[in-house]
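Just passing along the structure, written as structure tokens.
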Amino acid sequence: MPAERRTLLVRLQLMISTPALRARHLDNQYALQRAIIDALGDEAAGPDQAFQAQAAAGACLAALHTALVRWAEDEGRADLPALIAKALAAVFGDDTIGRPP
């Protein structure tokens, strides 16, 4: 396993096993979700559009988190891009995301 992937794996395993780090991770996800919404600017101008953008950003981040946790629990053996695609397809459907690799 390349050093970068091994570092990611070790960091994820530490985050999963440490309650304070899991809590900080959730704080970071919320901040990232807000940053995505802010970056959309006028695209999410109305309350309905803003809510939809917030829900979609949250769902994407949750799917990514789920794939990363599964990958870490599997000791990095699984194909991470395929897990991410599978998680996104579970949330949005195969037609929206495309077929996982």
Side-chain angles (χ1 to χ4, degrees):
M1 177 179 294
E4 293 171 348
R5 288 177 66 88
R6 182 74 189 148
T7 299
L8 175 60
L9 177 60
V10 170
R11 291 177 81 178
L12 284 168
Q13 290 171 331
L14 183 61
M15 183 268 301
I16 291 166
S17 65
T18 309
L21 294 177
R22 280 196 314 268
R24 182 68 178 153
H25 173 73
L26 291 175
D27 286 345
N28 288 340
Q29 277 202 300
Y30 178 76
L32 182 55
Q33 182 183 17
R34 292 298 329 147
I36 291 168
I37 301 308
D38 291 345
L40 290 174
D42 292 339
E43 295 293 322
D48 287 340
Q49 293 85 1
F51 177 76
Q52 288 177 334
Q54 189 174 6
C60 285
L61 292 171
L64 178 60
H65 171 81
T66 301
L68 287 168
V69 168
R70 173 64 63 91
W71 181 74
E73 290 172 344
D74 191 38
E75 298 290 328
R77 289 185 294 266
D79 179 9
L80 183 54
L83 283 176
I84 293 169
K86 188 175 180 179
L88 289 169
V91 172
F92 296 104
D94 285 337
D95 293 340
T96 302
I97 302 303
R99 307 274 306 145

Going only through I, L, V, M, F, W and Y residues with side-chain contacts under 4.5 Å, is there a path from L8 to L21?
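They do share one cluster, since a chain of ILVMFWY contacts under 4.5 Å joins L8 to L21.
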Please lay out, stage by stage, how L61 and Y30 fare under the test side-chain contact (heavy atoms from CB on, under 4.5 Å).
CA-CA 9 Å; L61 292 171; Y30 178 76; over 6 Å; no
Any idea which heavy atoms bring F92 and C60 closest together, and the distance?
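Between these two residues, the closest heavy atoms are CE1-SG, 3.6 Å.
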Looking at Q33 and Q54, would you say the former's side chain and the latter's main chain have a donor-acceptor pair under 3.5 Å?
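Confirmed, Q33 side chain pairs with Q54 backbone.
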Taking atom CZ of R24 as the centre, report whether more than 12 heavy atoms of other residues, nucleotides or ligands fall under 6.0 Å from it.
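At most 12 heavy atoms, drawn from other residues, nucleotides or ligands, come within 6.0 Å of this atom.
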Of all the heavy-atom pairs spanning A63 and V91, show the shortest one and how long it is.
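Looking at all heavy atoms of both residues, the shortest contact is CB-CG2, 3.9 Å.
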Closer than 3.5 angstrom, by distance alone: can the side chain of S17 be matched with the main-chain N or O of L14 as a donor-acceptor pair?
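At least one qualifying donor-acceptor pair exists.
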Is there a path from I37 to L32 through hydrophobic residues (I, L, V, M, F, W, Y) whose side chains come within less than 4.5 Å of each other?
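No: no chain of side-chain contacts under 4.5 Å links I37 to L32.
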With the threshold set at 4.0 Å, does a side-chain nitrogen-carboxylate oxygen contact exist between R34 and D38?
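Looking at D38 together with R34, the answer is yes, because their closest N to O distance falls below 4.0 Å.
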Going by heavy atoms in the side chains, are L83 and L68 under 4.5 Å from each other?
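Counting from C-beta outward, L83 and L68 never come under 4.5 Å.
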Does any part of the side chain of V69, heavy atoms only, come nearer than 4.5 Å to the side chain of L12, both counted from C-beta?
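Sidechains of V69 and L12: no contact.
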Please answer: with hydrophobic residues joined when any side-chain heavy atoms are less than 4.5 Å apart, are I16 and L64 in the same cluster?
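Same hydrophobic cluster.
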Within the side chain of Q13, is there an N or O that forms a donor-acceptor pair under 3.5 Å with the backbone of A72?
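Between the backbone of A72 and the side chain of Q13 there is a qualifying donor-acceptor contact (under 3.5 Å).
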Within this structure, what is the NE2-CZ distance for the pair H65 and R22, rounded to the nearest 0.5 Å?
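That separation rounds to 9.0 Å.
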State whether the number of non-hydrogen atoms from other residues, nucleotides or ligands found under 6.0 Å of E75 atom CD is greater than 12.
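Enclosed.
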Can you find a pair of side-chain heavy atoms, one from Q29 and one from L26, that are under 4.5 Å apart?
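Q29 reaches L26 side chain to side chain.
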Would you check if L40 and Q49 make a side-chain contact, meaning some heavy-atom pair closer than 4.5 Å?
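No; the side chains remain at least 4.5 Å from each other.
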